[in-house]
Amino acid sequence: MADSDSVEGHLKLRPAQYDDLIRNLVPAYPAMRAVQLDVLALGVPASGGLVLDLGGRTGALAAAIAERFPGVTVQVWDLDPGMLAIARERCAPFGDRVQCVERSFTGPLPVCNAVAARLSLRPIKGTAVQGAIARNIVASRRPGGMSGSADTLRPRRTPL
């Protein structure tokens, strides 16, 4: 793992501080989750499905998915072992329905019903890598599967 892949290396904070920082930086963060879960509901089966949470950090989204869709398994993919430790603790009440995977999501992904990501795809550098990830996401989804990525964009200031 490169130092830039860890929260401590990239954002200069301890993993336990991440959730508070994101809520301060992104005021609409809680609203993003509700919308993202509604989108995922279009492709997540009532039972037996698999949802990938790419760049899942502290497992907040994975826990929300596991709670909203009690019949599915969620895999949290992240390269940061400190963040995954928090995700394991947060998602422990869901037992083996939530699995933490210390792995990059730039390679092939397992076949799944839905792919979720929040604030983790846009920061990836390089259009070739971004394109490969997008192709892997599309290739991993079962027929009828969904992708639900939530992110923020800074509006470009243009003169009037």
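The figures here come from the full heavy-atom set of this structure, side chains too, leaving out hydrogens, waters and symmetry mates.
Once rounded to the nearest 0.5 Å, the distance linking CD1 of I86 with CZ of R57 reads 10.5 Å. Rounded to the nearest 0.5 Å, atoms CH2 (W77) and CD (Q99) are 11.0 Å apart. With rounding to the nearest 0.5 Å, the separation of CG in L52 from SG in C112 is 4.0 Å. Remark: L109 CG to R103 CZ distance equals 7.0 Å, nearest 0.5 Å. Rounding to the nearest 0.5 Å gives a distance of 8.5 Å between CG of D53 and CG of D78. Residue T58 holds its OG1 atom at 11.0 Å from CD of E89, rounded to the nearest 0.5 Å.
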| said: Walk me through whether L84 and V76 qualify under side-chain contact (heavy atoms from CB on, under 4.5 Å). | reply: CA-CA 8 Å; L84 285 175; V76 182; 4.0 Å; yes
| field | Derivation of the side-chain contact (heavy atoms from CB on, under 4.5 Å) call for V72 and L50 | value | CA-CA 6 Å; V72 304; L50 173 63; over 6 Å; no
| message | Test side-chain contact (heavy atoms from CB on, under 4.5 Å) on L37 and F69; report intermediate values, then the result. | response | CA-CA 9 Å; L37 291 172; F69 307 105; 4.2 Å; yes
| task | Report the C-alpha distance between V51 and Q75 in whole Å, list the side-chain angles of each, state the deciding distance to 0.1 Å, and finish with yes or no for side-chain contact (heavy atoms from CB on, under 4.5 Å). | result | CA-CA 6 Å; V51 178; Q75 289 184 356; over 6 Å; no
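For the pair R141 (side chain) and V111 (backbone), a donor-acceptor distance under 3.5 Å is absent.
Considering all non-hydrogen atoms of both residues, L61 and A116 come closest at CD2-CB, 3.8 Å. Here the closest non-hydrogen pair linking T73 and D96 is CG2-O, 4.4 Å. When every heavy atom of A66 is checked against every heavy atom of R97, the shortest pair comes out as O-NH2, 2.7 Å. Closest approach of C91 and A62 over heavy atoms only: SG-CB, 4.2 Å. When all heavy atoms are compared, the tightest approach of R68 to A41 is NH2-CB, 3.8 Å. In terms of heavy-atom proximity, A63 sits nearest to F94 at O-CZ, 3.5 Å.
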